[in-house]
Trainee: 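Take this structure, written in structure tokens, and hold onto it; I'll ask about it next.
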Amino acid sequence: MSLSNKQITLIQDSFKLVVPIKDQAADIFYTKLFEYDPELKPLFKTSMLTQGQKLMATLGAAVNGLNSLPTLVPILENLAIRHIDYGVKPEHYDTVGKALIDTLQAGLGDQFTPSVKEAWLDLYTLVATVMQNAAYPELFATNQI
């Protein structure tokens with residue numbers, strides 16, 4: 001799987017709209033994440049404000065790195081391996097994806113068009129695949145990006 005230039009542009013342009021509301025977006029994300037799976041809350045050891053800042057910085061770096069996927073992939077792989085120590089399980093990736101898409105929809109409103117949604121879904125699928133392949137190769141080695 002790869003992203004088209006149009007999808008990369010849609011993702012990067014829509015993320016520029018999230019940046020001014022990044023604190024609210026992070027709050028929406030974690031509210032939704034814990035609503036979907038309350039058992040995830042104990043995995044977070046830092047303040048939610050700090051965690052939200054980390055989330056938005058990481059998401060921003062990933063979005064900005066879309067024009068250079070070969071550079072981004074090892075970063076995502078390292079991130080995935082670190083997340084094992086935090087207690088992240090394979091099934092958590094689906095919950096995170098749902099929370100992310102719902103957060104973008106809430107934050108972007110009418111600007112979260114079907115094309116933008118599809119681009120973000122494809123991006124999240126790509127990111128989750130890379131991360132799961134790295135963190136759980138015995139389970140996901142057959143998934144290719």
Trainee: Tell me if a side-chain donor or acceptor on Ser68 pairs with a main-chain N or O of Gly65 at a distance below 3.5 Å.
Mentor: no
Trainee: To check you understand the geometry: which heavy-atom pair defines the closest contact between Gln12 and Leu66, and what is its length?
Mentor: NE2-CB, 4.1 Å
Trainee: Is there a path of hydrophobic side-chain contacts, each under 4.5 Å between heavy atoms, that joins Leu43 and Met131?
Mentor: yes
Trainee: Does the ring center of Phe44 lie less than 6.0 Å from the ring center of Tyr30?
Mentor: yes
Trainee: Ignoring hydrogens, what is the shortest heavy-atom contact between Leu10 and Ala119? Give both atom names and the distance.
Mentor: CB-CB, 4.3 Å
Trainee: Using 30° and 60° as the class boundaries, would you call the ring planes of Phe15 and Trp120 parallel, tilted or perpendicular?
Mentor: tilted
Trainee: Using modelled atom types and a 3.5 Å cut-off, is there a donor and acceptor pairing between side-chain atoms of Asp27 and backbone atoms of Asp23?
Mentor: no
Trainee: Going hydrophobic residue to hydrophobic residue with side-chain gaps under 4.5 angstrom, can you get from Val127 over to Ile81?
Mentor: no
Trainee: Enter the distance from Leu69:CG to Leu76:CG here, rounded to the nearest 0.5 Å.
Mentor: 8.5 Å
Trainee: Rounded to the nearest 0.5 Å, what separation is found between the NZ atom of Lys32 and the OG1 atom of Thr95?
Mentor: 13.5 Å
Trainee: Count I, L, V, M, F, W, Y as connected when their side-chain heavy atoms are under 4.5 Å apart, and connections chain through other members. Are Leu126 and Tyr93 then in the same cluster?
Mentor: yes
Trainee: Is it true that Val19 and Leu123 fall in one hydrophobic cluster, defined by side-chain heavy atoms closer than 4.5 Å?
Mentor: yes
Trainee: Keeping Gln105 on the side-chain end and Phe112 on the backbone end, is there a donor-acceptor pair under 3.5 Å?
Mentor: no
Trainee: If you draw a 6.0 Å radius around CD in Gln24, do more than 12 non-hydrogen atoms from other residues or ligands fall strictly inside?
Mentor: yes
Trainee: Got a donor-acceptor contact below 3.5 angstrom from the Lys45 side chain to the Pro42 backbone?
Mentor: yes
Trainee: Quick one: does His83's side chain have a donor or acceptor within less than 3.5 Å of a partner on Leu79's backbone?
Mentor: yes
Trainee: Using the rule given for side-chain contact (heavy atoms from CB on, under 4.5 Å), can you reason through Thr9 versus Lys6, listing the C-alpha separation, both sets of side-chain angles and the distance that settles it, and then say yes or no?
Mentor: CA-CA 5 Å; Thr9 299; Lys6 180 180 178 185; 5.7 Å; no
Trainee: Taking a hydrophobic cluster as the set of Ile, Leu, Val, Met, Phe, Trp and Tyr residues connected by side-chain heavy atoms closer than 4.5 Å, whether directly or through intermediates, do Met56 and Ile28 fall within one such cluster?
Mentor: no
Trainee: Do Asp94 and Lys98 sit within salt-bridge range, that is, some charged N less than 4.0 Å from a carboxylate O?
Mentor: no
Trainee: Take Leu139 and Gln132 through the test side-chain contact (heavy atoms from CB on, under 4.5 Å) and record every step on the way to the result.
Mentor: CA-CA 8 Å; Leu139 297 176; Gln132 288 175 322; over 6 Å; no
Trainee: Return the NZ to CE distance between Lys54 and Met48, rounded to the nearest 0.5 Å.
Mentor: 10.5 Å
Trainee: List the steps and the verdict of side-chain contact (heavy atoms from CB on, under 4.5 Å) for Lys117 and Ile101.
Mentor: CA-CA 7 Å; Lys117 181 178 182 177; Ile101 296 302; 4.0 Å; yes
Trainee: Does Ser115 reach the side chain of Glu118, with side-chain heavy atoms less than 4.5 Å apart?
Mentor: no
Trainee: For the CD1 atom of Ile11 and the CG atom of Leu59, what is their distance to the nearest 0.5 Å?
Mentor: 10.0 Å
Trainee: Do side-chain atoms of Thr50 reach the backbone of Thr46 as a donor and acceptor pair under 3.5 angstrom?
Mentor: no
